[in-house]
Amino acid sequence: MNLEPSCGGLVAGLLEIPGLGLDSERGRGFLLVFFCAIIHGPKASSPTSTLLSPIACLWMVGVSQYGFRLHRSSVDHLQLQSFLHPSSFSCCCALIGLSLQLRAHYPFRQIASSEHSQSNTMFEPLLHHEKVKNSQTTLSQANFFSRFTFSWINPVLSLGHSKALSLENIPPLESQDKADTSYQKFAKAWDSLLPKGSSNKNLVIRAILKVFLKENISTVISAFARSTSAALSPLLIYAFVKYNNSERNLYEGLGLFGLLFLSRMVESLCQRHWFFSSRRSGMRMRSALMVAAYEKLLNLSSLGRSRHSSGEIVNCIAVDAYRMGESLWWFHSGWSFALQLVLAIVVLFCVVGLGALPGLVLLLISALLNVPFAMKLKKCQSEVLVSQDQRLRATSEILNNIKIIKLQSWEDKFKGSVESLRDEEFKWVSETQFTKAYGSVLYFISPTIICAVIFLGCALFESATLNAATIFTVFATMRSMGEPVRFIPEALSVMVQTKISLDRLNAFLLEDETKSDDEKTRKSSLPYSDNSVEIKAADFRWDQESLTPSLRCINLAIKRGQKIAVCGPVGAGKSSVLHAILGEMPNTSGTVKVHGTIAYVSQTSWIQSGTIRDNILFGKSLEEAQYENAIKACALDKDISGFKHGDLTEIGQRGINLSGGQKQRIQLARAVYDDADIYLLDDPFSAVDAHTSSVLFHECVMTALREKTVILVTHQVEFLSEVDNIMVIEGGCIAEAGSYEELMASGTTFEQLIAAHKDAMTGLSDLHQNQEELREVDIINTQERHYEGEVGEAIQLTQEEQREMGSAVWKMFLDYVVISKGLLLLCLSLISLVGVAVFLAASSYWLAIATQSPKITKVMMVGVYTGLSIPSAVFVYLRSLFVAHLGLKASKAFFSGFNSAIFNAPMSFFDSTPVGRIITRASSDLSTLDFDIPFATVNAPHTAVELLVGIVIMAYATWEVLIVAAAAAVAAIYIMGYYQVSARELVRINGITKAPVVSCTAETLAGVVTIRAFKMVDRFFLSFLHLVDIDATLFLHTNAAMEWLLLRMEMLQNLILFTEALLILFLPKGYVTSGLVGFSMSYALSSTRTQIFFTQWACKLSNYIISAERIKQFMLIPQEPPKVVEDKRPSPSWPSKGRIELQDLKVKYRPNSPPVLKGITCTFREGARIGIVGRTGSGKSTLISSLFRLVEPASGKILIDEINICSIGLKDLRMRLSIIPQEPTLFRGSVRTNLDPLGQFSDDEIWKTLEKCQLKEAISSLPNLLDSSVNDEGDNWSVGQRQLFCLGRVLLRRNRILVLDEATASIDSATDAILQRVIREEFSECTIITVAHRVPTVLDSDMVMVLSYGKIVEYDEPSKLLEANSSSFSKLVAEYWSSSRKNP
């Protein structure tokens, strides 16, 4: 490497500096050693570097007396004796030590590679600003000095200063920082520990130590050097005061200045680099744990999922693993501050001898007093985490089921539930804040009292003279001890939180997984067999601890290409058979063999956020012919053509902007496109109308999949005669199996199912006479059919998350204060912190005066000092108390507004907003509001006042320093402004990069069975890696930008310090008194740290306030109409009749979109049974949504008993209507709370209702009866049973108007017939609106409405509509009959 052009100028410049002594042979020799140490020194990871670096640190400590030997010549003073050439020796020692230390961090020599052959010189210039977007500077490409000064971040900051940054402007991570690299290392360590791991040991911690210990050695070295320098720097005050009292010596003064320069540079540079490296390593640890938890989620067994709620699993990734990003920094802070504390004690003994003993005793007492505070903080923070988990779990469940909550008008109940959980959390947040307020007094007053006790000890033991040198050295030492005393308890607190999170992660990562394919012999690589699926004498259990198997004695052999139907009553175990084949339900006996790949269609549709095409392709490449065939086979072509963006139309989270039928057909198309060997279809026709189900069965199952093995779970018995074999499941076993003819001849259970279907078809008996005419109707001509898409949703629904632009920090902070109504508290806290600074400065100034006056006794000096210090402690307590109250008021106000806004938001908000965005605000943003903003609010102005006081004190001693201070202030303001423009956008972008990680986790959790069935685990894993890397990129660059700023701010503050030092050294003797020298230098030395704290807290406040901004953003979302309109409240008996009038009703989903309902006018008579039929997407569900005002009418009216429903409150409307929704929803809790969420009915009424809705037998067999558990989303109940729960709810409420939205789609015909009878009997006087796919369900209706393209095609009595063979309804009936009559 050619050093001549790069280093020559630097060497020449150093040689020319007068007074350094580098122009001598000895000086040149030291320079040569310096550059050799950098360029040809050992690599960072080598043992030599590890050894030399601490030696270099010790060398620096050894010469920290600026090249003087330290020895005690008497009891009352220290004498320093010079040796060697003080200036050149100290400077060169600094250079050599610093070079070895930096060498440990940054390997200077890099091996050139072909791809970087043009940029491997040591001093490559920074990239130009305009190249940042396409050729960004990454950390791996940066040269030594760029890394050393954090200049590699310059292009990003420069671009951010010229325009608002976007994600594309942020350089990518280098390979060693990527999530995959960290995870692979962690996984290797985890696997090596797993076989020998003990249940009582945390394997996560051991794996982390194994992986990340080595890379933290350089961080430990830097932290050690920084702590050593910080602890020993008070000795410089002693030296400066002594120098001020002695005869002036140029070399001695320069040597003293050189030591000051060395000490500050080591402290500043080492601190900046260990801060960054610890956070960088923490980021890697965070990524590894997040990916490990996600990988566990992808492989978690059903038993494992049952032990953890969805919210808990999401929190493992979004909270527990995410916390690791900062935890490593806190760990290093803890031990380094402890080291600093110990070294400071050593300095005290060196300065005052035995006089330090009373102070150390008091310090020990103070530490012991900290123990109860630490224990209480630990308890409070543990409780905060537990209560936060419960709240987030409930919030997640509510958001996922918000539609049913709004339909049932349960918002107040669930809102109250979340608020009660928040109240419990808030109680512990308050305890935490007030405990910290009490603790702050102890942390603050301890150094002051200890100083006073040490002074008394010096007087008592006569171990040192209480002159300016001794007093201000002690004073500075206690200041350096204040930082550890303040931060060590907080570091311990964070470590406690981290340990709790690591324990939870350990428990989750040790959870039960699905057995591997090799163990279950489910691979397609098995030897060829005529059978696709073979199950022999197998028992299956969802819960391995259960004594009774969920499926028992299963014997099954399905040949290739066979079409097998699985039928049976609700809750019999039909879906469990498919899960057993998939390997989701483990077998406890017998064998399971699957020969071929599997495609799976779940009973509850699982749709990803993204486009329709993305959902169908499911990660596979696009094959046009195959793709078109899948779309046509699943009858999606007409739907897609109806969308403005075609198959590129965005689907909302969980497919919320699609109809149930559309979601199911997209699922089916995904399976068809997969071209698997075996198809497991779990009741795919329940959400579509009769004609569509017939098309799907014939065109998809029997034609597109004619050569495939298909196992079809279905309640549509009309298709059973066309399959090869039928399995009837009852009570968890195969009751009957065989062909349709065989079962009709011998099977009792099967006969019951067929008989129920025949009974349902009796309403069509009058059509037998017209079979010839019906045959003339073109029933199966799919080319002439119109499959209507959701006309009103032809726009891209899910939008990019908004982020504020600009620099309105003060406006945001003002909003924070105004919303919390905390202006008075803020003013009081500001007054208090000014009081703190004034009394502190006054007490120190008193010491400066007292040391110069022989008339002032030691007792008086100490007494007045203590008296001036006590008010400052009072002000500290008041400051902390006021800020705690301000933070708590803000937390309460923001949460209340946010929670109310979410529960009062219209459905359109939830349609277009992923749950992850809301959860992020409810978790991390609210946590920032609870804990971070209050402390930043007080610490930023407090450090600013301290800094200002320090500069005033320095100027009081040497006014000339104001010139440099003013210039530094201007530069500091410019640099901070330059930084904040970019940093604020980085934080904002980072705020929207976490939400996709949370959303991806929640989405994967909902569809993990489908993902595993399609063998798409690897694709989802890679996608998650990408999301984690994006989030980590922002974390890394945000912290790098912060260190960039702090390094420059420290250099500016050091410049003021160096100016002050030079003025003191070179002004005439006696110009500044010794007391003022000690006074000003003690503040000057601490001013650098104060500057760091001010910069950090000011930037943190600027960044933290964005969390308040993001929450406020959701507080201002459009709201639904009021729940109650007081002057328009209907009577308690309304509606007494149940008459509904639709007058020219038009409905739009968006203001600029075309109408979905196009002028509907009709009347539903009181007590009538109204049937609504139509093709999928014809507007049936939109009409129901309009009735409940989930969508407000664009024009027209809906009158119920002559009252316009838009004139009354939503609660008054929705509480008077009942609905059984298309997608049955259960909540985590018990049977009782799901049937009667509001607690309005007795147990006796609930049992009677359960008997009516066919659930009494199932619940009576459970040990806890009505208190039996219901898992998240009712996972431990079948879909059919969930629908029966929904029926039970409406039977309890008995409103005059009942809406059945595909209410019996997921139950068999026999149960459907019973329920229809129950509904007719129980709601005989009610108006019943039935939206149905099964035509017999609406045949006994008084009136039938046929919808098409959002218009009423027909509305009349069914008998009259059936008389006209050309009517649309008669055609629908004919289609249903044509597919059903094939079963005799």
Side-chain angles (χ1 to χ4, degrees), residues 34 37-61 94-111 138-140 142-153 173-177 181-182 185 208-230 265-288 324-340 1035-1036 1039-1040 1042-1044 1046-1047:
F34 166 62
I38 293 181
I39 299 166
H40 298 289
K43 293 182 179 178
S45 58
S46 68
T48 311
S49 170
T50 305
L51 177 64
L52 286 179
S53 294
I55 292 174
C57 294
L58 291 174
W59 193 355
M60 287 185 281
V61 173
L95 292 172
I96 295 169
L98 194 58
S99 69
L100 289 172
Q101 178 61 25
L102 295 173
R103 179 67 185 161
H105 272 291
Y106 303 112
F108 207 90
R109 182 172 54 227
Q110 297 181 354
I111 299 172
T138 62
L139 188 52
S140 60
N143 58 42
F144 171 77
F145 286 105
S146 182
R147 287 169 174 257
F148 180 57
T149 60
F150 295 97
S151 298
W152 59 270
I153 197 79
L173 293 173
E174 57 180 303
S175 59
Q176 64 183 3
D177 290 326
T181 304
S182 300
K185 292 178 182 178
I208 285 172
L209 288 174
K210 198 170 182 179
V211 174
F212 298 101
L213 182 61
K214 288 182 181 179
E215 69 182 52
N216 277 275
I217 291 176
S218 61
T219 303
V220 170
I221 294 168
S222 293
F224 177 84
R226 183 264 168 195
S227 296
T228 303
S229 177
M265 296 304 290
V266 168
E267 183 176 346
S268 296
L269 292 171
C270 288
Q271 180 165 334
R272 297 282 60 80
H273 285 284
W274 88 251
F275 273 32
F276 179 69
S277 60
S278 64
R279 287 192 170 103
R280 188 182 181 191
S281 185
M283 176 197 73
R284 295 172 182 169
M285 188 190 306
R286 180 183 82 178
S287 297
M324 297 304 116
E326 291 286 342
S327 63
L328 201 57
W329 180 86
W330 281 105
F331 169 75
H332 287 301
S333 294
W335 72 259
S336 62
F337 282 137
L339 173 65
Q340 184 175 329
F1035 178 84
L1036 181 74
N1039 281 291
M1042 172 65 80
E1043 300 307 330
W1044 177 94
L1046 290 176
L1047 183 62

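The first residue in the sequence is number 1, and the count goes up from there. As a basis for the values below, the full set of heavy atoms in this structure was taken, side chains included, without hydrogen atoms, waters or symmetry mates.
Using modelled atom types, one side-chain atom of T228 and one backbone atom of F224 make a donor-acceptor pair closer than 3.5 Å. Looking at T181, its side chain never comes within 3.5 Å of a backbone N or O of Q176 through a donor-acceptor pair. No donor-acceptor distance shorter than 3.5 angstrom exists from the side chain of S336 to the backbone of S227, with no hydrogens or angles considered.
Once rounded to the nearest 0.5 Å, the distance linking CG of L1036 with CD1 of I153 reads 7.5 Å. Atom CD of residue E326 and atom CZ of residue F331 lie 15.5 Å apart, to the nearest 0.5 angstrom. Rounding to the nearest 0.5 angstrom, the gap separating the CE atom in M285 from the CD1 atom in I208 is 5.0 Å. In this structure, CD in E1043 is found 9.5 Å from CH2 in W274, a value given to the nearest 0.5 Å. Here CG of N216 is found 4.5 Å from CG of L328. Values are rounded to the nearest 0.5 Å. Separation of atoms CZ (F212) and CZ (R284) is listed at 8.0 Å; rounding is to 0.5 Å.
When every heavy atom of S222 is checked against every heavy atom of C270, the shortest pair comes out as O-CB, 3.5 Å. Nearest heavy-atom pair, S229 versus E267, reported as atom, atom and distance to 0.1 Å: OG-CB, 3.7 Å.
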Task: Check against side chain to side chain contact (heavy atoms under 4.5 Å, CB included), H273 and F150 - done: CA-CA 9 Å; H273 285 284; F150 295 97; 3.7 Å; yes

TODO: Determine, stepwise, if the pair S278 / T219 fulfils side-chain hydrogen bond (donor to acceptor under 3.5 Å, both in side chains).
DONE: CA-CA 6 Å; S278 64; T219 303; over 6 Å; no

TODO: Take K210 and K185, measure what side chain to side chain contact (heavy atoms under 4.5 Å, CB included) needs, and give me the verdict at the end.
DONE: CA-CA 9 Å; K210 198 170 182 179; K185 292 178 182 178; over 6 Å; no

- [ ] Verify side-chain hydrogen bond (donor to acceptor under 3.5 Å, both in side chains) between W335 and H332, making sure each step is shown before the conclusion.
- [x] CA-CA 6 Å; W335 72 259; H332 287 301; 3.0 Å; yes

Task: Working for side chain to side chain contact (heavy atoms under 4.5 Å, CB included), residues R280 and E215 - done: CA-CA 10 Å; R280 188 182 181 191; E215 69 182 52; over 6 Å; no

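Ring geometry for F148 against F144 counts as parallel: the plane angle stays under 30°, on a 0 to 90° scale with 60° as the upper cut. The aromatic rings of F275 and W329 lie perpendicular to each other, with more than 60° between the two planes, well past the 30° mark.
Geometric assessment of R286 against the ring of F1035 yields a positive cation-pi assignment under the 6.0 Å and 45° thresholds.
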